[in-house]
Amino acid sequence: MTQTPKNIAIIGSGLVGSLLAIYLRKKGHSVTVFDRRPDIRTIKFSGRSINLAMSNRGWRSLRKVGLEERIKEIAIPLDKRAMHVNDKPVYFQKYGKEGEAIWSISRGILNKKMIDLAEEAGVEFRFNEKVWDVNLPEAKIYTGETEKSEWKEYQYDIIFGCDGAFSRVRHKMQRRSRFDYSQDFIDVGYKELTIPANEDGTHKLDKNSFHIWPRGKFMLIAMPNIDGSFTCTLFLPFEGEVSFESITTEEAARMFFATYFPNVRKDIENLSQDFFKNPTSAMVTMKCYPWTYWDKVALVGDSAHAIVPFYGQGMNAGFEDIYVLNEFMEAHGDDWNTIFEKYQEERKPNADAIAELSYRNFVEMSSKTADPKFLLQKKIEKWFSTKHPDKWIPVYSRVTFSERPYTEALAIGDEQESIMKEVLKMPNIESEWETKEVENKILELLGDS
């Protein structure tokens, strides 16, 4: 169904704001994107990022507007995890079936590309222009140098808030009656580090793997970039015996990396310098409702549902918001009241589900990936799902290599977890897991015996 062209403002020029702008331009709308920050294409990226893991949901959203292949040019497929456990050789865990991979992309490089593509589509960007206030009923925004300076008023038909976890647009919506809002910080922070390329430009670690060094209460991850480097992220408690608070000198940082991450010792000097050069960032789960105001304002991406990054789904979930919003635009034409109502009803439960899954994956990645019982469970699940691919799709695959609702992945994941608890109680399970008896037990618990 076609739509009457509207004059639309998007607040936030990040990944979600840029992609939404492209979708809206394809529908014939006039789109202006405001951002309080400078144009990312003109500055050095801030060292506050975790590489992105593009998966099926993100690719589907890009494919819909013909951008999948252009973005794959700046991405590297990762088909497995590389587990770096102390005192053991590196071992690899395949993610999914043959051909299934997540794709590593530098956030800075992707954001620059998305802004370029949006400009190609005819979107106007207004950088260094901070939105201080929003008149929700009239879809007006007010920008200015400071909160006390003279403001400029802009009138739009519709406003989209794509301005992240600490959204100015949502802040205005929060003052309305019966607006639910919560934020929950975890006591672990993160810091971006870098492993540079070899002198010949090749990668120092396997380039088609997502590298994880699990160390109980903390961990290091590394994802490859197209220039041969790896963007690493150190996740560490803010306070405590081993924490950001306890590492106060470069010597202490060198000792920390030498003790806990001995197989990156060639890069310890570089990692230690990064440790003090780059900021320590916090991670938050943010939930709110409603996401829309009349037919005037809607929140998309992190401004509606910020999540911790441990499933690699933050960007994918935000892109999926846009895909779903577009489906309702196609179904309901100019009825923006219905479009917004259906959009938030469809996406809110799924956003809550991926928030829960992401938090659980944090616990799994940091403390369980080196646990023998957990590894045995994963082996049994993989063995059974290979024999019965129609009966057991692992929850990771349901989230990452599927476009089915996150709510479904969470519910089925809970059911599978309760089945595996029973299976792990079976006698001699450590040595006798590849048996007909185990297979039949799982089938019985699934109700298929």
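Owing to the predicted nature of the structure, the values given are computational and were not obtained by experimental measurement.
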Stepwise ring-ring contact (aromatic ring centres under 6.0 Å, His included) check, Y260 with F256: CA-CA 6 Å; Y260 294 107; F256 168 74; 5.5 Å; yes
Verdict with reasoning, Y396 to E381, per side chain to side chain donor-acceptor pair (under 3.5 Å): CA-CA 11 Å; Y396 184 88; E381 287 183 28; over 6 Å; no
Residues N326, K26; criterion side chain to side chain donor-acceptor pair (under 3.5 Å); working and verdict: CA-CA 11 Å; N326 182 68; K26 295 256 182 200; over 6 Å; no
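At a threshold of 4.0 Å, the pair D116-R41 counts as salt-bridged, since one of the basic side-chain nitrogens sits closer than that to a carboxylate oxygen. Ion pairing between D133 and K172 holds under the 4.0 Å rule for side-chain N and carboxylate O. Using a cut-off of 4.0 Å between Lys/Arg side-chain N and Asp/Glu carboxylate O, R107 and E192 are scored as not salt-bridged. Between R70 and E68 there is no salt bridge, since no side-chain nitrogen of the basic residue lies less than 4.0 Å from a carboxylate oxygen of the acidic one. Using a cut-off of 4.0 Å between Lys/Arg side-chain N and Asp/Glu carboxylate O, K342 and E345 are scored as not salt-bridged. Between E320 and R347 there is a salt bridge, since a side-chain N of the basic residue sits under 4.0 Å from a carboxylate O of the acidic one. Electrostatic pairing of E153 and K140 counts as a salt bridge here, judged by a charged N lying under 4.0 Å from a carboxylate O. The residues K152 and E145 are annotated as not salt-bridged, no charged nitrogen and carboxylate oxygen being separated by less than 4.0 angstrom.
Using a 4.5 Å cut-off on side-chain heavy atoms (C-beta onward), M286 and F185 make no contact.
Under the side-chain hydrogen bond (donor to acceptor under 3.5 Å, both in side chains) rule, Q174 has a single partner from R176, R170, H171, which is R170. Test L110, I105, V16 against M315 for side chain to side chain contact (heavy atoms under 4.5 Å, CB included) and you get one pass: L110.
Listed by chain and residue number, nothing satisfies the ring-ring contact (aromatic ring centres under 6.0 Å, His included) test with F328 (two or more places apart in sequence, or in another chain).
Annotation for E150: atom CD does not count as buried by contact number, only 12 or fewer foreign heavy atoms lying within 6.0 Å. Atom CZ of R25 is surrounded by more than 12 heavy atoms from other residues, nucleotides or ligands within 6.0 Å. Residue-environment remark: CZ (R63) exceeds the threshold of 12 foreign heavy atoms within 6.0 Å.
A donor and an acceptor atom, one from each side chain of Q183 and Y181, are located under 3.5 Å apart.
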